[in-house]
Amino acid sequence: MLASQRREAILAAVFARGTVLTRDLAAQLNVSEVTIRNDFEALEKQGRVVRVHGGVTMSEVPLMGFAARSTQNVEAKQRISAAAARLVTDGSTVILDSGTTIFELARQLPTVSDLVVLTPGIHIALALMEVSGVHVRLLGGRVAPAIAATVGSPRQQGIDGEIAHVAFLGAGAIDADQDVVEGSLDIAESKRTLAAAARRRVLLADSTKWFAFDRHKVMNVADFDTVITDDAMPESTREAIRATGAELIVA
């Protein structure tokens, strides 16, 4: 078994169990504990796992600022956003979440006419406000500096009673139960508000967002109609996503 295949198996085990032990994985994969520890070290350097006594657990994603997050996994975000842009059509109303992958989607929107964009994302609103054929509405509420976006209740955000054709949402992380999770309760609640206002929900999340956890649940992957990710996603995780009933697009 190649090192890449072995590490995929380790991540799949962490995804399924939350925490895995060195001795168990060594027996499962028929390799030495030294080899498994070396794999742990490599995966920890990638931010995929955190080492604990006797094994590893899922990494917790820190709530980083917009500028810091915008430099991570840029190529994957661009491919994911290009695939998502093909779902945007003339005369529709879309919701764009405030994350950096969604910001990349805003930059890659096709030439359209009469497109209405509802967004809590300050950078997204600024990027689109002078684009021909696009009508932007920045949602209200309190500004959350860490994500450069507004958060609040449906009434505070001015989205109560709105119906969008598609909501494009990002994720802080996706945990072992395939729950989309965030580090802030305000952010999680606002994402649920955005999702509830759309007929179709599309999750944009690169492969590094899986095998992690955070404190506040947004919704389950099964609650999305479509999931768009990159081709570094392990096959076992792809199968788990498809098993939820969501359409999977690999960019």
- How close do A195 and M219 get, heavy atom to heavy atom, and via which atoms?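 Taking A195 first and M219 second, the nearest heavy atoms are CB-SD, 3.7 Å.
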- Task: Considering non-hydrogen atoms only, spot the tightest contact between A144 and V151 and give its length.
- Result: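 Heavy atoms only, the tightest pair is CB-CG1, 4.3 Å.
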- Query: Got a second to check how far T119's OG1 is from I102's CD1, nearest 0.5 Å?
  - Reply: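 So the gap between those two atoms works out to 9.0 Å.
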- Item | Gap between atom OG1 of T229 and atom CG of L203 - 0.5 Å precision |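 It is 8.5 Å, given to the nearest 0.5 Å.
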Please list, one pair per line, the donor and acceptor atoms closer than 3.5 Å that link side chains of residues 241-251 to other protein atoms, with sequence neighbours excluded.
residue : atom : partner : partner atom : Å
T244    : OG1  : I241    : O            : 2.5
T244    : OG1  : A246    : N            : 3.3
E247    : OE1  : R200    : NH2          : 3.4
E247    : OE1  : T226    : OG1          : 2.9

- Message: If you define the side chain from C-beta out and look only at heavy atoms, does anything of L115 sit under 4.5 Å from L109?
- Response: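 Sidechains of L109 and L115: in contact.
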- Task: Kindly indicate whether the side chain of V116, heavy atoms from C-beta on, has any atom under 4.5 Å from the side chain of V94.
- Result: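 The answer is no; the side chains never approach within 4.5 Å.
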- Query: Do other residues, nucleotides or ligands put more than 12 heavy atoms under 6.0 Å from the CZ atom of R155?
  - Reply: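 No, the 6.0 Å shell around CZ holds no more than 12 heavy atoms from other groups.
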Sidechain N-carboxylate O distance under 4.0 Å for [X], [Y]:
{"X": "R37", "Y": "E33", "result": "yes"}
{"X": "R79", "Y": "D231", "result": "yes"}
{"X": "D225", "Y": "R201", "result": "no"}
{"X": "E162", "Y": "R137", "result": "yes"}

- Message: Test: salt bridge (charged side-chain N to carboxylate O under 4.0 Å, His left out). Region: residues 93-107. Which pairs qualify, not counting sequence neighbours?
- Response: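 Counting only pairs at least two positions apart or across chains, the salt bridge (charged side-chain N to carboxylate O under 4.0 Å, His left out) contacts touching residues 93-107 are D97-K191, E104-R107.
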